[in-house]
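Since the structure comes first, as structure tokens, the remarks are kept for the end.
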Amino acid sequence: QVQLVESGGGLVQAGGSLRLSCAGSGLTFSTYVMGWFRQAPGSDREFVGGISRSSGVTSYADSVKGRFTISSDNAKNTVYLQMNSLEPEDTAVYYCAASTIPTMYPRTRDVKYWGQGTQVTVSS
């Protein structure tokens with residue numbers, strides 16, 4: 001049974017930083033990309049960034065490129081999302097995701113496993 005558990009969300013002022021963690025269990029080598037999505041109220045869930053479990057290659061949405069960094073510790077089955085220079089527009093529930101589709105830009109329908117989500121709120 002696969003489980004993804006996020007932690008690290010919270011309230012931060014604009015310009016601040018947060019680091020999210022996603023601890024996975026039960027994952028197999030077929031999991032191609034671990035990533036993060038987010039969903040703001042009234043909006044669709046959108047891709048934020050991903051990291052290949054095999055190569056460590058990362059990918060990012062244009063809206064977060066240069067501000068967010070994804071890293072992983074495969075030995076711990078943990079993925080991190082370091083978020084710097086946060087903006088109020090980054091306010092959303094952030095979800096950890098695991099995809100078995102070989103693309104570095106998975107769509108929501110490509111995700112096989114989801115975490116429960118963690119709230120990130122950025123105040124202006």
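Just the heavy atoms: all of them, side chains too, but no hydrogens, waters or symmetry mates, feed the values below.
I101 contributes atom CD1, which lies 8.0 Å from atom CZ of R107 (distance to the nearest 0.5 angstrom). Expressed to the nearest 0.5 Å, how far CZ of F47 lies from OH of Y60 amounts to 9.5 Å.
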Derivation and outcome, side chain to side chain contact (heavy atoms under 4.5 Å, CB included), residues E87 and V122: CA-CA 6 Å; E87 304 167 352; V122 184; 5.5 Å; no
Derivation of the side chain to side chain contact (heavy atoms under 4.5 Å, CB included) call for L27 and R53: CA-CA 11 Å; L27 293 166; R53 280 174 57 86; 3.8 Å; yes
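Hydrophobic clustering (ILVMFWY, side-chain heavy atoms < 4.5 Å, transitive): Y80 and V57 are in distinct clusters. The hydrophobic clustering, which links ILVMFWY residues whose side-chain heavy atoms are closer than 4.5 Å, places I51 and V2 together.
Here the closest non-hydrogen pair linking P102 and Y32 is CA-CD2, 3.6 Å. A pairwise comparison of heavy atoms in Y113 and L4 identifies O-CD1, 3.6 Å as the closest pair. Between V93 and Q119, the shortest heavy-atom distance links the atoms CG2-OE1, 3.2 Å. Shortest non-hydrogen contact noted between P106 and F37 is O-CZ, 3.4 Å.
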Atom pairs and distances, donor-acceptor, side-chain atoms in residues 66-73, under 3.5 Å, two or more places apart:
{"residue": "R67", "atom": "NH1", "partner": "S85", "partner atom": "O", "Å": "3.0"}
{"residue": "R67", "atom": "NH1", "partner": "D90", "partner atom": "OD2", "Å": "2.8"}
{"residue": "R67", "atom": "NH2", "partner": "S63", "partner atom": "O", "Å": "2.9"}
{"residue": "R67", "atom": "NH2", "partner": "D90", "partner atom": "OD1", "Å": "3.0"}
{"residue": "R67", "atom": "NH2", "partner": "D90", "partner atom": "OD2", "Å": "3.4"}
{"residue": "D73", "atom": "OD1", "partner": "A75", "partner atom": "N", "Å": "3.2"}
{"residue": "D73", "atom": "OD1", "partner": "K76", "partner atom": "N", "Å": "3.3"}

Which side-chain N or O atoms in residues 13-20 pair as donor and acceptor under 3.5 Å with protein atoms at least two apart or in another chain?
{"residue": "S17", "atom": "OG", "partner": "N84", "partner atom": "OD1", "Å": "2.9"}

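Between the side chain of T118 and the main chain of E6, no donor-acceptor pair closer than 3.5 Å is present.
Using a 4.5 Å heavy-atom threshold, the side chains of W114 and R45 count as touching.
Residues forming a side chain to side chain contact (heavy atoms under 4.5 Å, CB included) with E46 (at least two apart in sequence, or on another chain): R38.
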